[in-house]
Amino acid sequence: MLTLINTNTMQPAIAPVGLDYIAGSAKKAGLDVDIVDLCLVDDPDEALRSYFAGHNPDLIGLSFRNVDDCFWPSCQWFVPRLADTVKSIRGLTKAPIVVGGVGFSIFAKQIVEYTGADFGVIGDGEQTIISLYRDLKNNKTVPACRDSILDGRANQPEQLSLPTARDNIDNVTYFNFGGQIGIETKRGCNRNCIYCADRLSKGTTNRTRSPTEVADEAENLLAQGIDVLHICDSEFNVPGRHALAVCEEFIRRRLGGRLKWYTYMAVVPFDAGLASAMRKAGCVGIDFTGDSASPLMLETYRQLHTPENLTSAVRLCKENGIKVMIDLLIGGPGETPETAKQTIDFIKQINPDCAGAPLGVRIYPGTEMVNVMAKEGPPETNPNIRRKYAGSVDLFRPTFYISRLLGERPARLIKDLIAGDERFFEPIDEADSALTDHNYNDNTELVNAIKQGARGAYWHILHNLRC
Ligand code: B12
C-alpha cells in the first residue's frame with residue numbers, strides 16, 4: 001500500500017493535482033493507493049490518527065506544495081507545520097516517508113533535514129515514487145540514509161504523458177470550495193527569468209502532452225460537473241505552437257461552449273490567431289507575466305517582451321472577449337520611483353481589467369537573483385534584502401528583494417502611484433494593515449465568494465467583487 005497525503009490546507013482549497021496524477025500512475029503500475037487529504041477534513045491530526053489506526057502502508061508520500069506564501073507582508077512559512085505532520089505520522093506508523101511537491105523541489109535537502117523525512121523527490125513524482133516503492137518492497141539498495149534525495153528530473157521524458165481519469169481525489173468538493181480545478185498541458189519552461197524557481201522544480205525544457213490527452217482529461221473533469229479549469233503550466237504559450245494545438249483540439253471537440261478556463265501566459269508569443277483560438281477553445285481569462293513596463297526593468301528580469309507587446313496583449317484580449325490581468329513585479333534590482341511610475345502609468349493607459357502590483361521579489365536559491373544579491377555585498381547589511389526573521393540571511397525562509405531606491409516606505413509609494421485605481425491589487429501600506437492585496441493564502445473574502453457560487457481565477461473573482 002502506498003499512502004499519499006496532501007498537506008496543503010490553505011484556503012481557498014486548491015486540489016492537489018500532482019497527487020491525482022501520481023495516484024493514477026501508481027495504480028496503473030499495479031500499486032494499491034490510498035489518499036488522505038488533510039485539506040478536506042476538520043481536524044488533520046484526528047484524520048491521521050484514525051487513518052493509521054486501520055492501515056499499515058509500505059510507503060507514505062507527503063505532498064508539499066507551498067514552502068511559504070511568497071508574499072512579503074505576511075511571510076508565512078509552512079515548513080514547521082510540515083515537520084509537525086512528519087512527527088505525528090512517525091508516532092503512528094513505522095512506514096518510511098517520502099516528501100515531494102513543487103515547493104519541496106526548490107528546497108529539497110533543507111526540507112528533508114528539517115523535517116526528518118526519509119526521502120525526498122525533486123521534480124515529477126509519477127515514476128520516481130513507483131521505483132522507490134518497488135525498491136523498498138524488494139529490499140533493493142535505495143540510498144539508505146535519512147537525507148536521500150531522489151531526482152525525479154532524471155525520469156522526465158521529452159513527451160509528457162499523464163493519466164487522464166482525474167478520479168483519485170475529490171475534485172468535485174475542491175471545485176465547490178476552490179472555484180476551479182487545475183489541469184496541465186505541459187511541464188517545464190525554457191525561459192530564463194532571473195527570479196523564477198520553476199526551472200528547478202519543473203525543468204528547463206518544455207515537455208508537452210498530446211492535445212488529445214489534454215482534451216480527454218478536460219472531458220473527464222466535465223463529466224464530473226467541473227466546468228471551470230485553471231491551466232497549471234508555468235506559461236501556457238511557451239511554446240506557442242503547442243498552445244495553439246491544444247486550442248484546436250478543444251475547438252474540434254466543441255469544448256469551448258461547455259467549459260471555461262483561465263491560464264498564466266507570457267506576454268510573447270501572442271497574436272490574433274492564438275487569441276481567437278483560445279477564446280473559441282473556452283479561455284475566458286489570461287493572467288500575463290507582465291512584470292514591468294519599464295524597458296530597463298524588463299531587461300533586468302530577462303523578459304522577452306516590450307511595453308508595446310503589453311499593449312497588444314491587452315488589445316487582443318479585449319477584441320476577443322477574454323478578461324485580462326497583468327501581473328507586475330515591483331521592486332526588483334534597480335527599480336526606482338521613476339521606473340515604478342513609468343510602469344503604473346503605462347498599465348493605467350493600456351487598461352487591462354486588472355493588474356497585480358505586489359512588492360518584492362522572493363529570492364530562491366539557484367536563480368540569478370542569488371548572484372545579484374552576492375554582487376551587492378554581505379546580505380545581512382544589504383538594504384535591498386527584506387525579511388522578518390533574525391540572524392543570518394537564509395533563503396529557505398521567506399526572503400525578498402525590494403530595491404532600496406524605492407525609499408523607506410515602498411508600499412506607500414506604490415499605493416500613491418496607483419492612487420486608488422480599482423483595477424490594481426495594491427501592496428499593503430507599511431503603516432496600515434488593511435488587506436487590499438491579492439494574497440490567496442487564507443483569503444476569507446475569496447472563500448466566502450466561492451461558497452456563494454463564484455467560480456474562476458481568483459483575480460477575476462476578486463475583481464468582480466470590487467469593481
Ligand atoms: C497554477 C498555480 C497556481 C494556481 C492553482 C490553480 C489550481 N486550481 O490548481 C493558483 C493561482 C490558485 C495558485 C495560487 C497560489 N500559489 Co501557485 N502556482 C501554480 C503553478 C503555476 C502550478 C502548480 C501546479 O498545480 N502544477 C501542476 C502539478 C501537477 O504539479 P505539482 O503540484 O508540482 O506536482 C508534481 C511534483 O511536484 C511532484 N509531487 C507533488 N506532490 C508530491 C508528493 C510526493 C510524495 C512526490 C514523490 C512527488 C510529488 O509530482 C507531481 C506530479 O509530477 C506553480 C508553479 C509551477 N510551475 O509549478 C505555482 C506555485 C506552486 N504557487 C506558488 C504560490 C506561492 C502560490 C500562493 C501561495 C500565492 C499566494 N500567496 O496567493 C497560492 C496558494 C494557493 C493554495 N491554496 O495552495 C509558488 C510556491 C513557491 C513557494 N514559495 O512555496 C509556486 C511554485 C510559484 C512560484 N514559483 O512562486 N497557484
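A quick note: this is a predicted structure, and the numbers were derived from the prediction, not measured. Order of listing sets the numbers, starting from 1, for every ligand and every atom in it.
Side-chain contact check for Asp37 versus Val41: every heavy-atom pair is 4.5 Å or farther apart. Two residues are said to be in side-chain contact when any heavy atoms from C-beta on lie closer than 4.5 Å; Asn443 and Gln11 fail this criterion. In this structure, the side chains of Gln180 and His460 stay at 4.5 Å or more apart for every pair of heavy atoms.
Look at Ser105 and you'll find every heavy atom at least 4.0 Å from all atoms of ligand 1. Ligand 1 does not have Phe104 within reach: every non-hydrogen atom of the residue lies 4.0 Å or more from it. Taking a 4.0 Å cut-off on heavy atoms, Cys189 fails to register as neighbouring ligand 1.
With hydrogens and angles ignored, the 3.5 Å screen pairs no side-chain donor or acceptor of Thr205 with any backbone N or O of Gly188. With hydrogens and angles disregarded, no donor-acceptor distance shorter than 3.5 Å links the side chain of Asn237 to the backbone of Met265.
Every N/O-N/O distance between Asp124 and ligand 1 stays at or above 3.5 Å. The N/O atoms of Pro12, backbone and side chain alike, include one that comes under 3.5 Å of an N/O atom in ligand 1. Geometrically, ligand 1 and Ala197 share no nitrogen or oxygen pair separated by less than 3.5 Å. Ligand 1 has a nitrogen or oxygen under 3.5 angstrom from a nitrogen or oxygen of Ser63. Distances between N or O atoms of Ala15 and those of ligand 1 include no value under 3.5 Å.
Side-chain contact check for Arg81 and Thr9: at least one donor-acceptor pair (N or O, by modelled atom type) lies under 3.5 Å.
Within the listing of ligand 1, atoms 65 (C), 90 (O) sit less than 4.0 angstrom from a heavy atom of Cys70. Short contacts between ligand 1 and Tyr21, defined as distances under 4.0 Å to a heavy atom of the residue, involve ligand atoms 29 (C). The Val121 neighbourhood of ligand 1 comprises atoms 47 (C), with distances under 4.0 Å to a heavy atom of that residue. Ligand-side atoms of ligand 1 in range of Ser234: 57 (N), range being under 4.0 angstrom from any heavy atom. The atoms of ligand 1 that sit less than 4.0 Å from any heavy atom of Gly61 are 45 (C).
In Asn66, the parts holding a heavy atom less than 4.0 Å from any atom of ligand 1 are both the side chain and the backbone. At a heavy-atom cutoff of 4.0 Å, ligand 1 is contacted by no atom of Gln11, backbone or side chain. If you look at Ile129 next to ligand 1, the close heavy atoms, those under 4.0 Å, all belong to the side chain. The proximity of Tyr440 to ligand 1, defined as any non-hydrogen pair under 4.0 Å, involves the side chain as well as the backbone. Heavy atoms of Cys196 found under 4.0 angstrom from ligand 1: none, in either backbone or side chain. Only the side chain of Asn8 comes within contact range of ligand 1, with a heavy atom under 4.0 Å; no backbone atom does. Residue contacts with ligand 1, taken as heavy atom pairs separated by less than 4.0 Å, involve Ile22 solely via side-chain atoms from C-beta onward.
Aromatic rings from Trp77 and Phe107 are positioned such that their centres are separated by 6.0 Å or more. Taking the six-membered ring for Trp and the full ring otherwise, the centers of His230 and Tyr264 sit less than 6.0 Å from each other.
Summary of contacts: the protein heavy atom closest to atom 89 (N) of ligand 1 is Asp198 OD1, 3.5 Å. Distance from atom 40 (C) of ligand 1 to its nearest protein heavy atom, with residue and atom name: Gly101 CA, 3.4 Å. Looking at atom 3 (C) of ligand 1, its nearest protein heavy atom turns out to be Arg65 NH2, 3.2 Å. Nearest protein heavy-atom contact of atom 11 (C) of ligand 1 is Tyr264 OH, 3.1 Å. Among protein heavy atoms, the minimum distance from atom 71 (N) of ligand 1 is reached at Asn439 OD1, 2.6 Å. Nearest protein heavy-atom contact of atom 52 (C) of ligand 1 is Glu126 OE2, 3.2 Å. Among all protein heavy atoms, the one lying closest to atom 74 (C) of ligand 1 is Met10 SD, 3.4 Å. Protein heavy atom at the shortest distance from atom 88 (C) of ligand 1 is Tyr364 OH, 4.2 Å.
For the atom pair CH2 (Trp459) and NZ (Lys323), the distance works out to 8.5 Å, reported to the nearest 0.5 Å.
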> Taking it one step at a time, do Arg302 and Glu368 satisfy salt bridge (Lys or Arg N to Asp or Glu O under 4.0 Å)?
Replying inline: CA-CA 10 Å; Arg302 290 196 189 140; Glu368 181 58 25; 3.6 Å; yes
>> Working note: Tyr262 + Asp287, criterion side-chain hydrogen bond (donor to acceptor under 3.5 Å, both in side chains); need CA distance, chi angles, decisive distance, verdict.
In response: CA-CA 8 Å; Tyr262 294 80; Asp287 182 348; over 6 Å; no
> Please walk me through it: do Glu445 and Arg466 pass salt bridge (Lys or Arg N to Asp or Glu O under 4.0 Å)?
Replying inline: CA-CA 11 Å; Glu445 192 184 8; Arg466 285 167 200 189; 2.9 Å; yes
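Protein heavy atoms are absent from the 4.0 Å sphere centred on atom 54 (C) of ligand 1. Remark: atom 67 (C) of ligand 1 lies closer than 4.0 Å to no protein heavy atom. Distance check on atom 85 (C) of ligand 1: every protein heavy atom falls at or beyond the 4.0 Å cut-off.
Heavy-atom proximity to atom 69 (C) of ligand 1, evaluated over Asp69, Leu2, Ile130, is greatest for Asp69. Among Val102, Ile14, Val98, the residue whose heavy atom sits closest to atom 61 (C) of ligand 1 is Val102. If you check each of Gly18, Gly182, Gly123, Gly100 against atom 36 (C) of ligand 1, the one with the closest non-hydrogen atom is Gly123. Looking at Lys202, Glu184, Arg362 and measuring to atom 33 (O) of ligand 1, the nearest heavy atom belongs to Lys202.
Identified under the ring pair (Phe, Tyr, Trp, His ring centres under 6.0 Å) test for residues 166-210, with sequence neighbours left out: Tyr195-Tyr301.
Residue Asp118 comes nearest to Pro96 through the heavy atom pair OD2-CA, 3.3 Å, listed as atom of the first residue, atom of the second, then distance. What you find for Ala357 and Ile330 is that their closest heavy atoms are CB-CD1, 4.0 Å. When every heavy atom of Pro211 is checked against every heavy atom of Val246, the shortest pair comes out as CB-CA, 4.0 Å.
Judged by a 6.0 Å distance limit and a 45° cone about the ring axis, Arg387 is positioned over the six-membered ring of Tyr389.
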All N/O donor-acceptor pairs, side-chain side in residues 214-223, below 3.5 Å, sequence neighbours left out:
residue, atom, partner, partner atom, Å
Asp216, OD1, Arg253, NH1, 2.7
Asp216, OD1, Arg253, NH2, 3.0
Glu217, OE1, Arg209, NH1, 2.8
Glu217, OE1, Arg209, NH2, 2.6
Glu217, OE2, Tyr21, OH, 2.6
Glu217, OE2, Arg166, NH1, 2.8
Glu219, OE1, Arg253, NH1, 3.2
Asn220, ND2, Thr164, O, 2.9
Asn220, ND2, Asp216, O, 3.4

